[in-house]
Amino acid sequence: MNAYYGIYGGQFVPETLMRALRELEDAFVQFKKNKESKRKFQYYLKNYAGRPTPLYLAENFSNYVGAQVYLKREDLLHTGAHKLNNTLGQILLAKFMGKKRIIAETGAGQHGVATATAAALLNMECVVYMGKKDMERQAPNVDRMKLLGANVVCVEKGSMTLKSAINEALRDWVKNVQTTHYLIGSAVGPYPFPEIVKYFQSVIGKEAKKQIMEQNGKLPDSVVACVGGGSNAIGIFSGFVKYKDVELIGVEAGGESLELGKHSATLTMGRPGILHGALSYLLQDEYGQVANVHSVSAGLDYPSVGPEHSYLKDNGRVKYDVCFDNEALDAFKLLSKMEGIIPALESSHAIGYVVEHKDRFKNRVVIVNLSGRGDKDLGIVKQIRG
């Protein structure tokens, strides 16, 4: 397989990990050809995770913004977010490879919960690295991971958020590569991780395409998804990217403002650089050092992005823009009151973008990927808004 998306991607890792990446790539190729492995994956998606998730026409919200807005309800998946698609797939892949131990990083905690859940189901030892700041603001998810049997390691180095958690997980993998699979939660990292995550998350786009054709009789005008590392977005975009008439919009965290250190808008404000084993857009200071980032949503607090998103930005297939903290918080409450659906703060960025740009979406058919539910964020919203 080609390790690059245009100029982006690659394998910028210590030599000690190159053999592990080659082993992973070879196993992934064989896994996709193995009928029994694919059958197990589909079985768990349907009977355990709860797929397919609905595509719901949000009539009250649609009337408010003047568009026909469908919500792809990944919030209804078991564990409350799209993350389980990937964790079930990767742990089945790890067992296929004969690995005994799973490690993962998490920011908002949803990937950590999904990893702990799949590990419990499939009888794998599980260690989750999480930054101290994220553990404090996502305490309920920490409790869930521990209840599910995971060892949650508090990372007190660096930013103490998602970037630092990834750093520690990579250090663990270097030390224990023979027995351990690193279950990356987003479409980031050295190849083949971006392709693996896309493969397991592409179920979102496949379902959404089929469902919109059944309900609306034609493809949507626009598909909107939030982008941090970019797994939910690459998952739903994969079902529509070849249809040039379908506008694809990735919404990043504009944070408090677009001043350096106050946002996580990597594709909007960054430039190419290398982080966590891949060349992609990266938020950097004037000296080329990785910049501090901010978002009201822990899951979008990442200074880089999946390399395929960088490629899709450069070739113009996907438009990337921002939603600011206050707009996401407004959208969080708006959708809750209008539809009885509490969105994750990550997903609220996609909702908020549609609200803030409702004039451009007027009379259009729009799919918004509702990537997760907002129970985990109630404490944050209450702290900020009361």
Side-chain angles (χ1 to χ4, degrees), residues 5 8-10 12 74 81-87 89-90 104-115 128-131 134 138 159 161-170 182-202 204 225-238 250-253 255 263-270 272-283 290-291 293-295 297-313 318 320 322-323 344-347 349-350 369 371-372:
Y5 306 88
Y8 301 104
F12 299 90
E74 293 300 291
H82 69 290
K83 295 294 187 180
L84 191 62
N85 303 318
N86 176 48
T87 61
Q90 283 207 52
E105 85 296 329
T106 195
Q110 287 300 109
H111 173 59
V113 169
T115 300
V128 179
Y129 289 91
M130 190 172 190
D134 291 338
Q138 296 291 350
S159 66
T161 58
L162 183 58
K163 177 172 74 73
S164 299
I166 293 176
N167 289 340
E168 290 304 304
L170 283 169
Y182 177 18
L183 205 169
I184 288 182
S186 198
V188 300
Y191 203 84
F193 281 111
E195 198 65 20
I196 290 172
V197 174
K198 177 185 176 181
Y199 175 78
F200 291 129
Q201 293 292 4
S202 65
I204 306 172
C226 66
V227 177
S231 65
N232 92 89
I234 211 68
I236 195 166
F237 290 168
S238 67
V251 183
E252 298 189 291
H263 64 85
S264 299
T266 306
L267 290 158
T268 306
M269 302 297 292
I274 295 171
L275 181 67
H276 296 142
L279 173 65
S280 192
Y281 271 78
L282 176 64
L283 289 170
V290 179
V293 295
H294 163 79
S295 169
S297 56
L300 301 183
D301 255 353
Y302 186 59
S304 189
V305 68
E308 188 170 4
H309 283 292
S310 295
Y311 171 70
L312 291 169
K313 171 188 168 65
V318 180
Y320 294 92
V322 301
C323 175
L345 279 174
E346 290 79 15
S347 314
H349 283 71
N369 196 23
S371 58

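Keep in mind that this is a model prediction, so the values were computed, not measured.
With hydrogens and angles disregarded, a donor-acceptor distance shorter than 3.5 Å links the side chain of His111 to the backbone of Leu183. For the pair Asn232 (side chain) and Cys226 (backbone), a donor-acceptor distance under 3.5 Å is present. In terms of modelled atom types and a separation under 3.5 Å, the side chain of Ser295 and the main chain of Gly255 share no donor-acceptor contact. Although no hydrogens or angles enter the test, the distance criterion places no donor-acceptor pair under 3.5 Å between the side chain of Lys83 and the main chain of Val113.
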Going through the distances and angles, do Val322 and His263 end up as a side-chain contact (heavy atoms from CB on, under 4.5 Å)?
CA-CA 9 Å; Val322 301; His263 64 85; over 6 Å; no

side-chain contact (heavy atoms from CB on, under 4.5 Å) evaluation trace for Leu267 with Ser310
CA-CA 7 Å; Leu267 290 158; Ser310 295; 3.9 Å; yes

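Interatomic distance, Tyr5 OH to His309 NE2, rounded to the nearest 0.5 Å: 10.0 Å. To the nearest 0.5 Å, the span separating OH on Tyr129 from CG on Leu170 amounts to 10.5 Å. Interatomic distance, CD1 of Ile184 versus OG1 of Thr87, reported as 14.0 Å (0.5 Å rounding). With rounding to the nearest 0.5 angstrom, the CD atom of Glu74 is 12.0 Å from the CD atom of Gln110. The OG atom of Ser231 sits 7.0 Å away from the CD1 atom of Ile204 when rounded to the nearest 0.5 Å. Taken to the nearest 0.5 Å, the CG atom of Asn369 stands 9.0 Å off from the CD atom of Gln201.
Scored by the salt bridge (Lys or Arg N to Asp or Glu O under 4.0 Å) test, Glu105 finds no partners at all (sequence neighbours excluded). With sequence neighbours left out, Phe237 forms a ring pair (Phe, Tyr, Trp, His ring centres under 6.0 Å) with no residue at all. Checked against ring pair (Phe, Tyr, Trp, His ring centres under 6.0 Å), His82 has no partners two or more places apart in sequence or in another chain. In this view, His276 and Tyr302 satisfy the ring pair (Phe, Tyr, Trp, His ring centres under 6.0 Å) rule, not counting sequence neighbours. A search for side-chain contact (heavy atoms from CB on, under 4.5 Å) contacts involving Phe200 returns Phe31, Phe41, Asn86, Gln90, Ile196, not counting sequence neighbours.
Every pair passing salt bridge (charged side-chain N to carboxylate O under 4.0 Å, His left out) that includes a residue from residues 303-313 is listed here, sequence neighbours excluded: Lys198-Glu308.
Side-chain contact between Tyr182 and Ile166 is present, with at least one heavy-atom pair separated by less than 4.5 Å.
When each of Leu275, Val188, Thr266, Ile234 is tested with Val305 by the rule side chain to side chain contact (heavy atoms under 4.5 Å, CB included), just one qualifies, namely Thr266. A side chain to side chain contact (heavy atoms under 4.5 Å, CB included) with Val290 is found for one member of Ser159, Ser304, Pro303 and no other, namely Pro303.
Closest heavy-atom contact between Ser264 and Val293: OG-CB, 3.5 Å.
No side-chain N or O of Glu346 forms a donor-acceptor pair with one of Ser371 less than 3.5 Å apart.
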